[in-house]
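Below, read A as the first sequence line, B as the second, and so on, with proteins coming before strands; counting in each chain starts at 1.
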There are 2 protein chains.
Amino acid sequence: MATIKDVAKKAGVSTATVSRVVNNGPKVGDKTRARVLAIMAQLGYHPNENARALVTKKSQSLGVVIPDLTDPFFASLANGVDKIARQNNMQLLLSTGSISEESERQAISFLLERRCESIVVHSKKLSDQEIIEFANKIPGLVLIDRFIQEIADKCIWLDNEEGGKIAARHLLSLGHKQLACISSRYQIDDPALRFKGFKNELTESGLSLLAHHFVEDEPNLQGGEVATQKLLASDTKFDAIFVYNDAMAIGAISTLEDNGFKVPLDVSVIGFDDVLLSRYSRPKLTTLHYPIEEMAEFAAQLALGKIAAPATEQGNGHKYIPRLVKRESTSLKT
Amino acid sequence: MATIKDVAKKAGVSTATVSRVVNNGPKVGDKTRARVLAIMAQLGYHPNENARALVTKKSQSLGVVIPDLTDPFFASLANGVDKIARQNNMQLLLSTGSISEESERQAISFLLERRCESIVVHSKKLSDQEIIEFANKIPGLVLIDRFIQEIADKCIWLDNEEGGKIAARHLLSLGHKQLACISSRYQIDDPALRFKGFKNELTESGLSLLAHHFVEDEPNLQGGEVATQKLLASDTKFDAIFVYNDAMAIGAISTLEDNGFKVPLDVSVIGFDDVLLSRYSRPKLTTLHYPIEEMAEFAAQLALGKIAAPATEQGNGHKYIPRLVKRESTSLKT
DNA sequence: AATCAAAATGTAAACGTTTAGACTTTAATC
DNA sequence: GATTAAAGTCTAAACGTTTACATTTTGATT
């Protein structure tokens with residue numbers, strides 16, 4: 001693989017001159033530039049980014065840390081970051097690590113070792129403390145889908161609680177009174193917040209949630225099916241379900257119909273996230289849109305320092321509100 | 001950011017010794033190792049991978065080139081590569097580039113500049129010639145989802161034609177005789193090959209495809225819907241459809257049911273790819289499994305030289321055969 | 001022809017590592 | 001206590017760039 005020296009020698013100039021040509025530097029004569037360019041092409045020269053990064057202390061890369069790529073939600077996140085990377089002619093460094101606290105730490109360390117100065121991090125396992133430490137070490141680190149007071153202006157997050165409220169308001173406005181919930185069995189913040197908001201809104205309307213109308217399971221299609229069976233087994237009526245995410249909601253609808261319930265005629269179902277799936281299901285799913293790609297793009301810009309970090313409104317960081325997407329799985333109580 | 005020199009100075013040893021500690025090298029005393037380790041932790045030292053890559057000429061990274069991440073198919077591909085990267089403690093370098101020939105070239109160049117020595121490439125736009133050139137320049141380059149004779153043993157691909165045959169055999173075995181096809185409007189090899197295999201198989205059984213039973217549209221949900229409308233408009237009967245991919249197939253089913261046809265009772269539908277979606281649709285989709293993640297893992301291992309490249313059977317490179325997944329959208333002709 | 005500023009080009013140090021090879025210490029053997 | 005092999009440690013060059021600064025060339029002005 002040809003180096004800058006090879007090019008310099010063959011062109012009869014110094015490496016400095018070649019470097020200037022490569023970087024479109026200013027002080028180089030036209031004929032020289034042409035000659036060097038020709039030789040570069042001839043030799044198939046590609047500058048060594050590692051050497052460059054070493055001396056300039058800039059890595060020309062944009063990092064992103066997510067649990068894994070198979071989940072379309074995270075794929076969208078990564079895609080948002082990638083979009084910004086491409087816009088800025090930077091290389092995307094993707095680090096996956098979810099299974100454990102240790103692997104999240106590893107994922108960030110990997111990027112640190114490559115001196116990646118702008119990183120969008122999605123982390124659920126690392127402690128607030130450790131994230132704050134990383135953030136102090138890396139000025140261009142931003143945190144997505146999580147809020148930590150101490151680094152508020154580096155946090156891009158969704159107001160899950162408000163999402164729960166919006167779902168509740170929607171179902172109430174359709175005249176439903178006997179509500180049920182299907183949640184994720186994993187004790188992370190997201191489900192807790194969503195259902196907190198949901199319940200609070202019910203309370204405000206003088207309604208409440210029966211204990212056996214709140215069930216939990218795996219946050220996927222099967223989990224939704226199992227959870228719905230539990231709900232049906234409890235033998236008390238419900239006319240609407242707020243489900244933790246779209247995959248579970250689709251599982252729920254499937255089980256409901258297998259048991260003779262029409263959606264939305266007999267039971268309205270509302271999901272959360274608005275993943276691709278929700279537009280492919282029948283009936284098409286009413287859900288809350290989680291603008292993850294948009295958030296990821298914003299996060300990436302912020303990490304790159306492209307955004308004059310706007311005074312964060314009352315120390316809330318950069319908060320997004322989910323938007324109700326009415327489709328076919330909810331309807332007026334009949 | 002602390003460097004190896006800072007650590008060396010503080011520990012009162014040479015950088016060579018610190019380097020040996022960092023790399024778990026052999027010749028270093030126990031007390032020294034302990035002291036250096038302590039100081040590294042205290043200083044929050046992270047070795048600079050760029051400097052390392054420069055001197056060792058090894059980048060500890062695994063590259064992957066795909067069109068984009070939002071398509072679950074490519075996300076799975078990337079995920080397979082990432083899995084191998086993690087297993088080998090390497091960083092994934094993801095380069096997207098699909099829109100144009102130029103951006104595919106860019107994507108590969110990016111990786112080249114980072115001296116990434118193992119790359120899994122998905123490319124549809126670059127010419128055979130150019131890919132061969134890249135492959136010669138980068139010994140660890142492998143090509144996925146495409147076959148080029150000259151670099152056969154670096155190609156990992158799916159036999160699309162055989163897939164078409166399998167689909168045809170399946171539908172014929174169910175007793176269907178009036179077959180229709182929905183294809184992608186994009187003139188790349190994949191659809192052409194799939195339908196070539198399909199038609200050949202029909203011919204062998206003495207059947208043929210009516211011209212207006214072959215329609216094309218965008219390879220997505222809407223495209224499937226539109227294509228099906230065209231099919232229905234032609235007003236000739238068909239009892240089974242072979243659809244280019246799962247997304248289109250789901251759109252097709254949706255339109256069929258809207259028009260009073262039951263799937264699979266009135267019409268059997270078979271898709272291709274076996275994406276997540278196909279398990280979520282109702283009826284669950286019968287389709288051909290495209291083992292892309294498995295192929296990607298294999299490709300990554302091959303790129304890393306972890307696999308003693310098995311003598312490729314009759315110069316076909318590494319060929320995979322799609323597998324029929326019978327679910328609910330096809331059934332015996334009633 | 002001499003002068004000079006501007007433009008073009010070159011020199012050399014620096015970036016943070018790794019790793020031969022040289023040197024020093026340790027401890028076992030006589 | 002001398003000898004020696006092994007174990008531990010250090011020195012210094014190298015990797016491929018960029019870039020301040022120095023030097024040379026160019027061409028206009030006198």
Heavy atoms under 4.0 Å, any strand shown: does G25(A) hit a base, just sugar-phosphate, or nothing?
nothing
Each nucleotide N or O in nucleotides 21-23 of chain C that has a protein N or O under 3.5 Å away: list the pair and distance.
none

Between F73(A) and Y290(A), is the ring centre distance below 6.0 Å?
yes
Rounded to the nearest angstrom, tell me the gap between atom [atom1] in [X] and atom [atom2] in [N].
X: I4(B); N: dT19(C); atom1: CD1; atom2: P; result: 11 Å
X: D30(B); N: dA7(D); atom1: CG; atom2: C1'; result: 11 Å
X: Q60(B); N: dT17(C); atom1: CD; atom2: C1'; result: 14 Å
X: N50(A); N: dT17(D); atom1: CG; atom2: C1'; result: 11 Å
X: R52(B); N: dT17(D); atom1: CZ; atom2: C1'; result: 20 Å
X: M1(B); N: dT17(C); atom1: CE; atom2: P; result: 10 Å
X: R33(B); N: dG8(D); atom1: CZ; atom2: P; result: 9 Å
X: R114(B); N: dG16(D); atom1: CZ; atom2: P; result: 17 Å

Terminal axes of the helix from dA1(C)-dT30(D) to dC30(C)-dG1(D) (five pairs each): angle between them, nearest 10 degrees
50°
The salt bridge (charged side-chain N to carboxylate O under 4.0 Å, His left out) partners of R146(B) (sequence neighbours excluded) come to D128(B)
Non-neighbouring partners of K9(B) that pass salt bridge (charged side-chain N to carboxylate O under 4.0 Å, His left out), sequence neighbours left out
none
The residue, S14(B) or H46(A), whose nearest nucleotide of DNA chain D is more 5′ is S14(B)
State plainly whether the residues [X] and [Y] are in salt-bridge range, i.e. N to O under 4.0 Å.
X: K125(A); Y: E104(A); answer: no
X: E130(A); Y: R105(A); answer: yes
X: K137(B); Y: E133(B); answer: no
X: D82(A); Y: R86(A); answer: yes
X: K83(A); Y: E297(A); answer: yes
X: D189(B); Y: K124(B); answer: no

Mind checking whether W157(A) and F147(A) have parallel, tilted or perpendicular rings, split at 30° and 60°?
tilted
Nearest to side-chain heavy atoms of V13(A), which nucleotide of dG10(C), dT11(D), dT17(C)
dG10(C)
What nucleotide, of dT18(D), dG10(C), dC10(D), holds the atom closest to the side chain of T17(A)?
dG10(C)
Pairs meeting criterion ring-ring contact (aromatic ring centres under 6.0 Å, His included) with involvement of residues 79-133 of chain A, two or more places apart
F74(A)-H122(A)
So does T32(B) get a side-chain nitrogen or oxygen closer than 4.0 Å to the phosphate oxygens (OP1/OP2) of dG8(D)?
no
Taking only N/O atoms, report every protein-nucleotides 13-15 of chain D pair under 3.5 Å with atom names and distance.
unit_1	atom_1	unit_2	atom_2	d
dC15(D)	O3'	K57(B)	NZ	3.1

Is the number of heavy atoms from other residues, nucleotides or ligands within 6.0 Å of CG (N89(A)) greater than 12?
yes
